[in-house]
Amino acid sequence: MNLLEVRDLYVKYRSYWYTYHVLDGITLRVSPREKVGLIGESGAGKTTLLKSILQILPPQGRIVRGEVLWKGVDLLKADKGYVMNVRRKGIGMIFQDPLSALNPVFKIKDQLLEVLRYSYDGYSKSELLSLAEELIRSVLLPDPARVLESYPFQLSGGMRQRVVIAMALASAGDLLLADEPTTNLDVTIQDQILRLIDRLVIERGLSMILVSHALGVVAKMTHRVYTMYAGNIVEEAPTPKLFNEPLHPYTKLLIENVPRISSRRLGEGIKGNPPDYRYPPPGCRFHPRCPYAVDICKKVKPFCVKVSRDRRVACHMYSEGLEKVDGDVNAN
Amino acid sequence: MLIFALARVLPGDPIRAAFGPDVPEEVVKRYREMLNLDKPLYLQYFYWLRDVFQFRLGRSLITVRDVSADIAEFFPATLELLLASAVFRIIVAFPLGVLSGRKPGAIMDNIIRVLAYIGICIPTFGWAIILQLIFAYWLGWLPAIGRISEEFTGHVPRITGLMTIDSLVSGNVPAFIDALKHLLIPTVALSIGGAVQEARILRASIVENIGRDYVLNMKSHGIPEKIIYFKYVLRPSLTAVVPVMGLDIASAIGNAFLVESICNWPGMSRYGMIAMLRKDLNAIVGVVLITGIAYIAVNTITDIVLYVIDPRVRLRGREE
Amino acid sequence: MTSRDLSTIARKEREVRLENLKRAWFRFSRNRLAVAGLIILTTVVVMALSAEYVTPYPSHAGLYINFEERYQPPNPKHVLGTDMYGRDVFTRVVFGFRYALMMVGVVLGIVVPAGTVLGLLAGYYKGTLIDHAINGASEVFVAVPPLVLALAICSILEPNVFNALLAITLMWWPWYARMVYSMTSSLRNEPYVWAAKALGMRTVDILFRELLPNMLGPILTKATLDASWVVIIGASISFVGLGAQPPTPDLGTMLSEYCRYLPAYWWMTLGPLLGIIVLVLSFNLIGDGLRDVFAGE
């Protein structure tokens, strides 16, 4: 059975003036102990997807429809207590920016203990404290006592990210959501942090969804990868296959544009910008930037087709003669 | 560290503050002593400054006493009013802000929004007149003017100079209630506009913080909403309101001039007002000087409060 | 770069500005409260300008005595009643708008440009003598509550409208200077300012064509919100008797004359008070609308 399954999820953000159609029918699954990658440009809706799983969208965000199945139970329909329990003991999330993920006016100790109090019920105060110290130690921070007594702004970026990881571990009983855990860090620390996450996930037997721009990291650390573009999953494949033989034009461009040190050339990036979520392009959301776009791409939204046993892609180039799969049915 | 905090907080150092009120004084002197303008300007300023540091502010034309003695007599009443105003703001602004931030767009939020508009639209002296009209003249619940009823004058010993506290300390409960009643109209007039404004600011800050990652992070761990709201949202939001509230209380020192005149509150501001109308120069300069000092004091207190509730201010200062 | 390129760029820039303006207006017009504020203000301005024609008894504005009609409560003939000399309160309030609006116009007309220029200079030459001189001067004024300073200035000079204006103007400029100063000091390190410097643009052009356009939003918002403060402070000064003197139909002066007749003739007080409220409310509604427009989406 899948640990987590997201089916046909639609999310929008509303501001005073506009509605942003951010997630446009997302379908994804994670098996126990599986490490899944999620790649795509910034603004593709990856963070929104992770937050929707936990239903912690900011107030402007709304889940329009869809299902989030956790061990077979739909979290969107489950009662509040069940959801709270999943948040406390099932899923932990590493936020993208370690500075903004920690409350600036509380000590690390206050925040971490608060989290532990609910994830480990029935523990005494001193037990919780030693648990907190243990967690801090497990993310390889020296001098846990001092770290716990600090305020977030007194720690370096790398230390803060380790604290955020420790917090996430506190409630990650089965699944860890890692939202670009290294984007805001020094290059020198990025590798350490990723290795740490990878080790902790394996040690604790967790599943993981790793969101990252760094394709090299995803290639190394994950079993399976989803490519996301403008609120759609456009491709899914086992990691090696996706990187060796990308099918969707967007995935291809993404991989071609990885800057390589050997070639001493920076990636030029993909031409154009992600679409305006207020008025997403009709048909395939990628067609304005797609080098292979033909007429049908502008009119009809491509559905996901199964091109082989373990690969899915949402692109008209591959859809001929194949059955649509999963939930990606209708446009907008 | 202390020097850092002071330099950052204060809009000017005390010497500059003393200089500020002196500007109009100099202008006047220039008019008065048109004939010998070259000599006295700097010297006079220098002498005046020397006197100030010895608490000699010159003789008042009205009371024929030293201005410093007058101010010493009248200042406690003003202080009492300002303290009451600060208390009123806190007990009104915080609950209202917390209430309307909890559910943006709900009925409570809209009521408070309307209140806030009413609050800013009516100037302080307008409030004073309206409150007097309704509660003193029409309903007759509260006295319109003065600080305490005649029957109690002279019966309350002067300990701190704050009538309410003095009567309470000396165990004179009826006097205390009477003093409190007198205090009510000027206090509310002085603070209500600011209080609802501050509630709005607190609300805005809360609404902004609710969507922040550190709140969502807490939420992602299954911490109950109430704890998140009252602890992890409210505390950082307070750091946004406190400076505004401090500034407002500081500017209430100015509005006290009007309220004290309307409500016949025997404080320093009313004394200053009378002095202004009669061109009692020494008194004007003295009152403005003390007002300036009080203004800076309030700003300093604001910073101290901020220093206590916001570790970023506190600990950055130490690193400096 | 040829001159044609430059003119194309300039045209493009104008187009972009026009487009932004249109968008800002669109957002502003969607805000019902702000539009209501604008309508109220426009009405008030028109009424004040044509006070001689729209008010029922223009002669009542100044000195006029008719004891037979004094102390009348609001009625169809006198919508806000009459005062102790039998003057129509409504007429006087409309004339009062004239003084209040003139005050706003004069004060903001002087203070906004002056404060902006000083703030720009101090911010751009941060750390130099110019910065210290301007900031030092503004600190002197900021060290005392504005109202007290204005009252003190008025009291030492002759109490009249002109000196009240002078006092408010004097105490107000530092707040603009400080706001623009802080914006300038953060913007001066932006790449486009460096670029302009590197291209050898004149300092005047950098200040007014590169920096200033980026601050217009907040300045305009503050000016609108401050307009209401000018109304209040102006009224306060004349209320205590240090500004316009009777029989000038100034809102604050009227209020102080009339509030002596409380509680029996309360409607007299109501008139000027309502006048102040209407003005302050409209400026605040517009100001809030502008703030929302410039705060972005």
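Protein chains get the first letters and strands the later ones, always in sequence-line order, with residue 1 at the start of each.
For residues 183-202 of chain B, a heavy-atom distance under 4.5 Å to chain A picks out no residue at all. Chain A is approached within less than 4.5 Å, heavy atom to heavy atom, by no residue from residues 82-97 of chain B. Residues of residues 207-216 of chain B having a heavy atom under 4.5 Å from any heavy atom of chain A, listed by number: Ile210(B), Gly211(B), Asp213(B), Tyr214(B), Leu216(B). Annotation: residues 226-238 of chain B contacts chain A through Ile227(B), Lys231(B), Tyr232(B), Arg235(B), Pro236(B) [non-hydrogen atoms, separation under 4.5 Å].
In this structure, Glu5(A) contributes its side chain and Leu69(A) its backbone to no donor-acceptor pair below 3.5 Å. Counting only distance, with no hydrogens or angles, the side chain of His221(B) and the backbone of Ser119(A) share no donor-acceptor pair below 3.5 Å. In this structure a side-chain-to-backbone donor-acceptor pair under 3.5 Å is present from Thr78(B) to Met268(B). Without hydrogens or angle criteria, Arg88(A) side chain to Gly222(B) main chain gives a donor-acceptor distance under 3.5 Å.
Counting only heavy atoms from C-beta outward, the side chains of Leu131(A) and Tyr120(A) approach each other to under 4.5 Å. Residues Ile165(A) and Ile193(A) are in side-chain contact: their nearest non-hydrogen atoms beyond the backbone lie under 4.5 Å apart. Met208(A) has its side chain within reach of Ile197(A): a pair of non-hydrogen atoms, C-beta onward, lies under 4.5 Å apart.
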**Message:** Run the side-chain contact (heavy atoms from CB on, under 4.5 Å) test on Ile112(B) and Arg203(B) for me, step by step, so that the C-alpha distance in whole Å, both residues' side-chain angles and the decisive distance to 0.1 Å come before the verdict.
**Reply:** CA-CA 10 Å; Ile112(B) 291 163; Arg203(B) 175 213 179 259; over 6 Å; no
**Message:** Evaluate Lys103(B) against Asp109(B) for side-chain contact (heavy atoms from CB on, under 4.5 Å), listing each step before the verdict.
**Reply:** CA-CA 7 Å; Lys103(B) 283 192 185 126; Asp109(B) 186 31; over 6 Å; no
**Request:** Please step through side-chain contact (heavy atoms from CB on, under 4.5 Å) for the pair Thr47(A) and Val211(A), ending with a clear verdict.
**Result:** CA-CA 8 Å; Thr47(A) 303; Val211(A) 171; 5.6 Å; no
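Rounded to the nearest 0.5 Å, atoms CG (Leu148(A)) and CD1 (Ile136(A)) are 5.0 Å apart. The CE atom of Met84(A) sits 11.0 Å away from atom CD of Gln55(A), with the distance rounded to the nearest 0.5 Å. Here CG of Asn217(B) is found 9.5 Å from CG of Asn103(A). Values are rounded to the nearest 0.5 Å. From Glu133(A), atom CD reaches atom CG of Leu141(A) across 12.0 Å, with rounding to the nearest 0.5 Å. The distance from the CH2 atom of Trp70(A) to the CG atom of Leu3(A) is 4.0 Å, given to the nearest 0.5 Å. The structure places CG of Asp174(A) at 7.5 Å from CG of Leu206(A), a figure rounded to the nearest 0.5 Å.
Chain B forms more heavy-atom pairs under 4.5 Å with one residue of Pro104(A), Pro58(A), Ala172(A) than with any other, namely Pro104(A).
For a residue to count as touching a neighbouring chain, one of its non-hydrogen atoms must lie under 4.5 Å from one of that chain's; by this rule Lys89(A) does not touch chain B. Only the side chain of Lys80(A) comes within contact range of chain B, with heavy atoms under 4.5 Å apart. Residue Gln60(A) does not touch chain B at all, counting heavy-atom pairs closer than 4.5 Å. No part of Leu177(A) comes within reach of chain B, as not one of its non-hydrogen atoms sits under 4.5 angstrom from that chain. With a 4.5 angstrom heavy-atom cutoff, Leu57(A) touches chain B only via backbone atoms.
Heavy atoms of other residues, nucleotides or ligands lying less than 6.0 angstrom from NZ of Lys219(B) number more than 12.
Ring-plane geometry between Phe153(A) and Tyr151(A) is classed as parallel, the angle between the planes falling under 30 degrees on a 0 to 90 degree scale with a further cut at 60.
Taking the charged nitrogens against the carboxylate oxygens, Glu114(A) and Arg117(A) do have a contact shorter than 4.0 Å, which makes a salt bridge.
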